[in-house]
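Treat the numbers as computed from the prediction; the structure is a model and nothing was measured.
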Amino acid sequence: MNRTARLVIFLVGGAGLVVLLGLALLRMPAFGGMDHPYRDAAVEAAMQRHSPNAVSSVNFDQRGLDTFGEEAILVAAVLGAATLLRPEGHRPQRHSDDIGRIGAATRFLGYALLPVTLLIGADVVVHGHLTPGGGFQGGVVLATGLHLLYVAGSYPALRRVRPLAWYEFGEAAGMGTVVVLGLAGILSGAGFLANVLPLGQFGRLVSAGTLPLFSVAVGLAVGSGVVVLLAQFLDEYLTTERRTSR
């Protein structure tokens, strides 16, 4: 295809895009108006599911299939990174005394904030259908909070509390739980990932049907996946640093 043909195709496509965007803009509601149909529909659906958190209701119910796809993308990304960073041959191990100099305040805060961060992460996951948060946010908090041990200068301790086989299983278990929830919806005749469990009482921990289970499953998969991902990058970094320091 020559340059002229490419230019013609670009101009035709660009003109079509401009027309479509113009039509969309002309039909947009006035700025600052009170007409928000998507908001009204999402909030009403969240109330019907007994979920005070409309965002989680959208993520784990109204667009649950999209959330399932996002989780699958994360799992695939972790698998790809782990494959690319897999060790080849003998890799030197970093000793506990060559972690570098860590300030006393940094070491103290790392150890002190570790249980607090893990508790907050678990709370964000478990209460995702009630308060701001959910499985994605809480999973990231849990995974990164665990690495406060490395910030505190105790890489051997971090390696002890994150046996990768456990977290690889956790990632698979979280993904598998979401699949089971989806199949339960199909078997009930309501559709994939439909909310088919009893909704319970509004505002209670055990309520909103499948929303809390979906949130916990996503938190397990995301938290475990991020731990595995960070472990691969961290091991690669420490190995490379040790080789270059020789």
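- Residues passing the side-chain contact (heavy atoms from CB on, under 4.5 Å) test with Thr106 are Ile102, Val151, sequence neighbours excluded.
- Ala112 and Pro115 make their closest contact through O-CD, 3.4 Å (heavy atoms, listed as atom of the first residue, atom of the second, distance).
- Here the closest heavy-atom approach between residue Leu118 and residue Gly145 is recorded as CD2-C, 4.3 Å.
- Cluster annotation: Val179 is connected to Leu213 through the hydrophobic network of ILVMFWY side chains, with a link wherever side-chain heavy atoms come within less than 4.5 Å.
- At least one donor-acceptor pair under 3.5 Å links the side chain of Thr67 to the backbone N or O of Asn59.
- Every residue meeting the side-chain contact (heavy atoms from CB on, under 4.5 Å) condition with Ala143, not counting sequence neighbours, appears here in chain and number order: Val226, Val227.
- Scanning all heavy atoms of the two residues, the minimum distance from Val140 to Thr144 falls at O-OG1, 2.7 Å.
- The two residues Leu142 and Val125 have their closest heavy-atom pair at CD1-CG2, 4.3 Å.
- To the nearest 0.5 Å, the span separating CD on Gln62 from CD on Gln48 amounts to 9.0 Å.
- Minimum heavy-atom separation, Val222 to Gly135: CB-O, 4.3 Å.
- Here the side chain of Ser57 pairs no donor or acceptor atom with the backbone of Asn53 at under 3.5 angstrom.
- In terms of hydrophobic clustering, with Ile, Leu, Val, Met, Phe, Trp and Tyr side chains grouped at heavy-atom distances under 4.5 Å, Leu211 and Val178 are assigned to a common cluster.
- Among pairs with a residue in residues 162-186, those fulfilling salt bridge (charged side-chain N to carboxylate O under 4.0 Å, His left out) read Arg162-Asp235, at least two apart in sequence or across chains.
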Under 3.5 Å, sequence neighbours excluded: what are the donor-acceptor pairs made by side chains of residues 4-29?
from, atom 1, to, atom 2, distance (Å)
Arg6, NH1, Met1, O, 2.8

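- Val78 is not connected to Val141 by any chain of hydrophobic side-chain contacts under 4.5 Å among Ile, Leu, Val, Met, Phe, Trp and Tyr, and they are in different clusters.
- In terms of modelled atom types and a separation under 3.5 Å, the side chain of Ser56 and the main chain of Gly128 share a donor-acceptor contact.
- Neither Val180 nor Leu197 shares a network with the other; the hydrophobic side chains, linked directly or stepwise wherever heavy atoms of I, L, V, M, F, W or Y lie under 4.5 Å apart, form separate groups for each.
- At least one side-chain heavy atom of Leu181 sits less than 4.5 Å from a side-chain heavy atom of Leu193.
- Sequence neighbours left out, the pairs with a member in residues 202-235 that pass ring pair (Phe, Tyr, Trp, His ring centres under 6.0 Å) are Phe60-Phe214.
- Counting only heavy atoms from C-beta outward, the side chains of Arg160 and Leu149 never approach each other to under 4.5 Å.
- The line from CH2 of Trp166 to OG of Ser224 is 12.0 Å long, rounded to the nearest 0.5 Å.
- Clustering ILVMFWY residues whenever any of their side-chain heavy atoms sit less than 4.5 angstrom apart, transitively, puts Leu79 in a cluster other than the one holding Val228.
- Here the closest heavy-atom approach between residue Pro52 and residue His129 is recorded as CD-O, 3.3 Å.
- A distance of 6.0 Å separates CG of Asn195 from CZ of Arg49, quoted to the nearest 0.5 Å.
- No side-chain heavy atom of Thr177 sits less than 4.5 Å from a side-chain heavy atom of Leu220.
- Taking Phe68 as the reference, Phe192 meet the ring-ring contact (aromatic ring centres under 6.0 Å, His included) condition, with sequence neighbours excluded.
- For the atom pair CD1 (Ile186) and OG (Ser188), the distance works out to 9.0 Å, reported to the nearest 0.5 Å.
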